[in-house]
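Have a look at the structure below before the remarks.
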Amino acid sequence: MLRRTVVAFCAAVLAAGLLLFPQAARASSIPTISEGAQVLVAVEPLLETMQIRYHLAAGRLSIGDQAYIGPMVIDNGLYFADPQAIAAFLNLQISYPNGVMTFAPPAPRAGVVAEVPGTGALDALRIRLLALLNAHRTATGLPSLAIDTVAQSAAQYQAKDMESAGIMRHTDSSGRSPIQRFQSIGGLASRYGENVAYFGLDINDLENEWQAVGKLDAMMMAEQAPDDGHREAILSPEYRKIGIGVAIGTNGLYLAEDFVAR
């Protein structure tokens with residue numbers, strides 16, 4: 001006999017590191033089923049609540065280029081999976097406040113000081129990412145993006161702001177939108193766009209940091225229409241300049257790509 005319960009979900013974040021278009025943290029009821037002592041959580045409602053883009057067909061779940069290899073069962077048309085396994089795949093932690101199963105991003109570890117890269121290391125990441133973005137554009141016949149120093153400052157501010165708060169978002173802690181942030185420091189643009197992303201795994205050296213950035217880029221480029229806003233921004237012929245922000249700390253790696261059309 002299957003017994004149904006509910007799961008509270010808190011916070012917005014994501015999959016092997018990526019959640020794009022995050023919402024404010026909120027709690028939602030997610031179906032679960034119990035088979036004996038084991039509780040399984042409904043996969044699609046959980047992913048949809050978190051606004052994670054996914055593909056699920058014939059019992060195969062993938063997010064970007066990452067495939068979930070754990071077992072799933074079907075009940076009333078929904079796929080269910082082991083909470084610990086799906087949380088590990090999505091880089092989430094599970095807690096039980098007041099006895100309620102809750103999914104959330106990893107909390108900063110008390111007393112742990114992250115090995116924060118110096119300016120030179122972050123510059124190296126930005127240079128490599130710019131080359132990668134321009135390789136995507138060149139492959140589709142688009143001109144390369146050049147660095148806009150004002151957009152770079154705005155993007156770096158947002159990356160640091162997100163890392164400090166441990167929240168991925170487009171609006172900063174002062175309530176400014178991306179273009180308001182850009183304009184506040186003297187930027188001018190006919191159109192302005194921003195991609196943000198988050199990678200929450202432990203990152204200990206520059207090469208691992210680049211692997212994280214590269215994985216975030218690959219997930220953006222793997223988007224499929226009509227849900228391909230980040231890929232569209234990267235490949236937009238209107239954008240000719242960009243600012244890249246990267247911040248790394250105890251809350252993870254946060255990335256901001258700010259696109260500028262003059």
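The model shown is predicted, which means the values in this text are computed figures rather than measured ones.
Shown are R262, E257, R191; of these, the side chain to side chain donor-acceptor pair (under 3.5 Å) with Y239 is made only by R191. Among I86, L56, L78, the one residue that satisfies the side-chain contact (heavy atoms from CB on, under 4.5 Å) test with M72 is L56.
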For Y79 and L61, what are the C-alpha separation, side-chain angles and deciding distance, and is it a side chain to side chain contact (heavy atoms under 4.5 Å, CB included)?
-> CA-CA 10 Å; Y79 285 92; L61 169 66; over 6 Å; no
Output, in order, the C-alpha distance, side-chain angles, deciding distance and verdict of side chain to side chain contact (heavy atoms under 4.5 Å, CB included) for L125 and L129.
-> CA-CA 6 Å; L125 286 174; L129 179 56; over 6 Å; no
Go through Q152 and R126 one step at a time and tell me if the side chain to side chain contact (heavy atoms under 4.5 Å, CB included) criterion holds.
-> CA-CA 10 Å; Q152 184 101 317; R126 294 189 193 96; 3.4 Å; yes
Dump the intermediate steps for side chain to side chain contact (heavy atoms under 4.5 Å, CB included) on F199 and V213, then the final yes or no.
-> CA-CA 8 Å; F199 202 101; V213 172; over 6 Å; no
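The CG atom of L142 sits 10.0 Å away from the CG atom of N134 when rounded to the nearest 0.5 Å. The distance from the CG atom of L40 to the OG1 atom of T32 is 8.5 Å, given to the nearest 0.5 Å. Interatomic distance, S153 OG to D258 CG, rounded to the nearest 0.5 Å: 10.5 Å.
Annotation for G243 and A155: closest pair O-CB, 3.6 Å, computed over non-hydrogen atoms. Here the closest non-hydrogen pair linking N251 and A165 is ND2-C, 4.3 Å. Between E194 and P178 the shortest heavy-atom distance is OE1-CG, 3.4 Å. What you find for M220 and N195 is that their closest heavy atoms are SD-ND2, 3.8 Å. The two residues R137 and I234 come nearest to each other via the heavy atoms NH1-O, 3.0 Å. Shortest non-hydrogen contact noted between A42 and I30 is O-CG2, 3.8 Å.
Residues F259 and L145 have side chains in contact (heavy-atom distance under 4.5 Å, counting atoms from C-beta outward). Residues R240 and P143 form a side-chain contact, since some pair of their non-hydrogen atoms from C-beta on lies under 4.5 Å apart. Residues E209 and V246 have side chains not in contact (no heavy-atom distance under 4.5 Å, counting atoms from C-beta outward). Side-chain contact between V73 and I33: present, with at least one pair of heavy atoms (C-beta onward) separated by less than 4.5 Å. Counting heavy atoms from C-beta outward, L253 and L216 have side chains that approach closer than 4.5 Å. The shortest side-chain heavy-atom distance between H170 and S177 does not fall under the 4.5 Å cut-off. Using a 4.5 Å heavy-atom cutoff, the side chains of M221 and L235 are in contact. In this structure, Y54 and E44 have side chains that are in contact, with non-hydrogen atoms separated by less than 4.5 Å.
Judged by distance alone, with hydrogens and angles left aside, the side-chain atoms of S236 form a donor-acceptor pair with the main-chain N or O of E238 at under 3.5 Å. With hydrogens and angles disregarded, a donor-acceptor distance shorter than 3.5 Å links the side chain of S184 to the backbone of R181.
Residue pairs meeting the salt bridge (charged side-chain N to carboxylate O under 4.0 Å, His left out) criterion with at least one member in residues 226-237, sequence neighbours excluded, do not occur. Here salt bridge (charged side-chain N to carboxylate O under 4.0 Å, His left out) pairs that include residues 154-168, with residues two or more places apart or in two chains, are D161-R169.
Cluster membership check: L133 does not share its hydrophobic cluster with I127, using side-chain heavy-atom separations under 4.5 Å among Ile, Leu, Val, Met, Phe, Trp and Tyr. One hydrophobic cluster, built from ILVMFWY side chains closer than 4.5 Å, holds both I147 and L132.
Residues passing the ring pair (Phe, Tyr, Trp, His ring centres under 6.0 Å) test with Y157, sequence neighbours excluded: none. Partners of T171 by side-chain hydrogen bond (donor to acceptor under 3.5 Å, both in side chains), not counting sequence neighbours: none found. With sequence neighbours excluded, no residue forms a salt bridge (Lys or Arg N to Asp or Glu O under 4.0 Å) with R60.
When hydrophobic side chains of Ile, Leu, Val, Met, Phe, Trp and Tyr are connected at separations under 4.5 Å, Y192 ends up clustered with V150, I179, F182, I185, V260.
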